[in-house]
Amino acid sequence: MNLKKHPVRNLTAMIKKHYAFSRRNFPRIFALYSKIILQEPFRILENVKYDDAIRNHIPAKDPVFIIGHWRSGTSFLQYLLSRDPQFGYLNKFQVIFPDLFLQSESYLKPLINRIPETLNIIRDARNMSVNLELDSPSEIEIALTCMISPASLHWGHIFPENAWDYFNKYLFLDTANAKEKEQWKQDYQYLIQKISFKNNGKQVLVKSPGNSCRVVNILEMYPGARFIFIHRNPYDVFYSSKKLWNTLLDNLALQNFSERQMELEIIRTYKKLMKRYLLQKQKIPAGQLAEVRFQDFISDPVNELHSVYEQLRLKGFTKARSRINHFLENKEKATSGSYEYEKRVISVINRNWEFAFKQWQYPLITNKQYA
């Protein structure tokens, strides 16, 4: 990654930029630097041994991208699709250690599995029904953060006072200059090539809600990319997103952030991301997009997936069906969260997200229903 400086330099520059060196932040900053330093020998060895091979590796097929706003069912969709042996994907160990998994996964993963579940981030993840098995699939955007790439939108959760700046630059790519866009593109493509290389050239399955508003950018890199877009009742997305934000802020943030500021970020990010998706999806060639309704998917996941395969002209569903059924039989049935909607929040959502209710035909709650 020619534009990428050493992780320590990147991390130090960002912490200094946001004046985040403080006694309160010491435990989190210490953990970040400790991870970088402890993994440095492994990172160097992996770079020396595999970097040329990764850069010269050309995947046989363009990836399949799972998109949709956060907390809309993208993870469950990814879990089921990952049962299909024709796909390769980033697992959770590889997301945490993107710089060294080719060389070190086999012997480091058992050690990581011993992390005590008393850690806050472990407990919070389980409360959100997040699968923490290190072999289970995870999100490429998190890997960008863990490799300390400046081009990750998730720095907006570490420095939440500047979240909108990070989102505009590395989520929407609106304010990124040419060099920053090239940084994002290089790091993204390198990771995808590395996943493909690790999985012997299999078609790569990429989950990233952020790509919902980068469809045009993805098509520039991968003209044959397939997209699976999943949507959910906007009210539930809002409340589930607040849970996600609270988990991220409680465990990662190096700045204070109020509940009202969090709600503002969710409202305007959803609005911009979904409108951008609706505009850009017109650019997707026929046969390369399937849209899924969350409630239909969790009610009948196998048949919904079968429809996705048919729409995207993907082969292999018959072979994958038994693996998908086995996964479902051994996991708790997926259910959507139940939330108590607040009149104040409903009013804000209706005012800002009315387009989404109309587009995907979700019932709009009116003030009269709260009278």
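Reckoned from all heavy atoms, side chains included, excluding hydrogens, waters and symmetry mates.
With a 6.0 Å radius and a threshold of 12 heavy atoms from other residues, nucleotides or ligands, Phe30 has its CZ atom at or below the threshold.
Hydrophobic clustering (side-chain heavy atoms under 4.5 Å, transitive across Ile, Leu, Val, Met, Phe, Trp, Tyr) groups Ile96 together with Val8. Met221 and Leu219 fall within a single hydrophobic cluster, where Ile, Leu, Val, Met, Phe, Trp and Tyr are joined by side-chain heavy atoms under 4.5 Å apart, directly or via other members. Leu38 and Met147 are not part of a single hydrophobic cluster, where members link through side-chain heavy atoms under 4.5 Å apart. Cluster membership for Leu279 and Leu289, using ILVMFWY side-chain heavy atoms within less than 4.5 angstrom, is not shared. Tyr166 and Ile267 end up in the same hydrophobic cluster when Ile, Leu, Val, Met, Phe, Trp and Tyr side chains are linked at under 4.5 Å.
Between Glu354 and Arg351 no salt bridge is recorded (no basic side-chain N to carboxylate O distance below 4.0 Å). Taking the charged nitrogens against the carboxylate oxygens, Asp174 and Lys272 do have a contact shorter than 4.0 Å, which makes a salt bridge. Salt bridge annotation for Glu141-Lys207: absent, with no cationic side-chain nitrogen under 4.0 angstrom from a carboxylate oxygen.
How far CG of Leu77 is from CG of Leu305: 6.5 Å, rounded to the nearest 0.5 Å. A distance of 5.0 Å separates CZ in Phe159 from NE2 in His18, rounded to the nearest 0.5 Å. The distance from atom CD1 of Ile158 to atom CG of Leu32, rounded to the nearest 0.5 Å, is 6.5 Å. Note: Ser208 OG to Leu153 CG = 6.5 Å, rounded to the nearest 0.5 Å. Rounded to the nearest 0.5 Å, atoms OG (Ser82) and CG (Leu80) are 7.5 Å apart. Going from atom OH of Tyr239 over to atom CD1 of Ile266 covers 10.5 Å, rounded to the nearest 0.5 Å.
Looking at Gln183 and Lys179, their side chains never bring a donor and an acceptor atom within 3.5 Å of each other. No donor-acceptor contact under 3.5 angstrom links the side chains of His231 and Gln295, judged on distance only. Side chains of Gln255 and Asn25: no donor on one and acceptor on the other come within 3.5 Å. Looking only at atom types and distance, the side chain of Ser240 has a donor-acceptor partner in the side chain of Arg71 under 3.5 Å away. Asn325 and Glu329 are not linked by any side-chain donor-acceptor pair at a separation below 3.5 angstrom, with hydrogens and angles left out of the test. Lys169 and Thr175 share no side-chain donor-acceptor pair at under 3.5 Å. A donor and an acceptor atom, one from each side chain of Asn91 and Glu105, are located under 3.5 Å apart. Side-chain contact annotation: Lys202 with Ser196, donor-acceptor N/O pair under 3.5 Å absent. No hydrogens or angles considered: a donor-acceptor pair under 3.5 Å links the side chains of Asn211 and Tyr188. In the model, Ser138 has no side-chain atom that pairs as donor or acceptor with a side-chain atom of Tyr89 under 3.5 Å.
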Point to revise | Derivation of the side-chain contact (heavy atoms from CB on, under 4.5 Å) call for Trp155 and Thr145 | key: CA-CA 7 Å; Trp155 293 111; Thr145 313; 4.1 Å; yes

Review point. After noting the C-alpha distance and the side-chain angles of Glu40 and His6, does the key distance pass the side-chain hydrogen bond (donor to acceptor under 3.5 Å, both in side chains) rule?
Key: CA-CA 10 Å; Glu40 183 64 7; His6 192 278; 3.0 Å; yes

Exercise for review: Show your reasoning for whether side-chain hydrogen bond (donor to acceptor under 3.5 Å, both in side chains) applies to Asn233 and Tyr339.
Suggested key: CA-CA 12 Å; Asn233 185 304; Tyr339 301 101; over 6 Å; no

Review point. Do Gln189 and Lys185 pass the side-chain hydrogen bond (donor to acceptor under 3.5 Å, both in side chains) test, and can you show the C-alpha distance, the side-chain angles, and the key distance before you say yes or no?
Key: CA-CA 6 Å; Gln189 287 184 306; Lys185 179 180 177 181; 4.9 Å; no

Practice item. Determine, stepwise, if the pair Glu310 / Ser307 fulfils side-chain hydrogen bond (donor to acceptor under 3.5 Å, both in side chains). Key: CA-CA 5 Å; Glu310 289 183 333; Ser307 175; 5.3 Å; no

Review point. Can you list the steps and then say if Leu249 with Met262 is a side-chain contact (heavy atoms from CB on, under 4.5 Å)?
Key: CA-CA 10 Å; Leu249 296 180; Met262 180 200 311; 4.0 Å; yes

Exercise for review: With side-chain contact (heavy atoms from CB on, under 4.5 Å) as the test, would you mind laying out the steps for His306 and Arg321 before giving the verdict?
Suggested key: CA-CA 9 Å; His306 189 198; Arg321 184 193 289 268; 4.0 Å; yes

Review point. Taking it one step at a time, do Lys198 and Gln193 satisfy side-chain contact (heavy atoms from CB on, under 4.5 Å)?
Key: CA-CA 9 Å; Lys198 169 70 173 178; Gln193 285 175 228; over 6 Å; no

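Here the closest heavy-atom approach between residue Leu312 and residue Ala290 is recorded as CD2-N, 3.7 Å. Nearest heavy-atom pair across Arg23 and Pro27 is O-CD, 4.0 Å. When every heavy atom of Lys181 is checked against every heavy atom of Leu173, the shortest pair comes out as CE-O, 3.3 Å. Considering all non-hydrogen atoms of both residues, Pro209 and Leu273 come closest at O-CD1, 3.9 Å. The two residues Tyr170 and Ser152 come nearest to each other via the heavy atoms CB-C, 4.1 Å. Contact detail for Pro301 and Phe76: the closest heavy-atom pair is CB-CE2, 4.4 Å.
Geometrically, Lys275 engages Phe355 in a cation-pi contact, judged by NZ or CZ lying under 6.0 Å from the ring centre and within 45° of the ring axis. Taking the ring axis of Trp164 as reference, the NZ or CZ atom of Arg268 stays within 45° of it and closer than 6.0 Å to the ring centre.
Pairs of residues two or more places apart, or lying in two chains, never qualify as side-chain hydrogen bond (donor to acceptor under 3.5 Å, both in side chains) while including a residue from residues 215-225.
Within the 3.5 Å criterion, the main-chain N or O of Pro223 finds a donor-acceptor partner in the side chain of Gln288. Distance alone, capped at 3.5 Å, places no donor-acceptor pair between the Glu46 side chain and the Arg43 backbone. Of the possible donor and acceptor atoms, none in the side chain of Ser347 sits under 3.5 Å from a partner among the backbone N and O of Lys343. Although no hydrogens or angles enter the test, the distance criterion places a donor-acceptor pair under 3.5 Å between the side chain of Gln203 and the main chain of Asp62. Side-chain N or O atoms of Asn162 include none that pairs as donor or acceptor with a backbone N or O of Gly156 at under 3.5 Å. The backbone N or O of Phe327 sits nowhere less than 3.5 Å from a side-chain atom of Arg83 that would complete a donor-acceptor pair. Checking side-chain atoms of Lys194 against main-chain N and O of Pro98 turns up a donor-acceptor pair under 3.5 Å. Panel note: side chain Arg214, backbone Ser212; no donor-acceptor pair is recorded below 3.5 Å.
Annotation: side chain of Ser104 is in contact with side chain of Phe42 (closest heavy-atom distance under 4.5 Å).
Here the two rings, on Phe172 and Phe167, have centers that are 6.0 Å apart or farther. Ring pair Phe97/Phe101: centre-to-centre distance not below 6.0 Å.
Ring planes of Tyr270 and His69: tilted class, angle from 30 to 60°. Below 30°, between 30° and 60°, or above 60°: for Phe357 and Tyr235 the angle between ring planes is between 30° and 60°, a tilted geometry.
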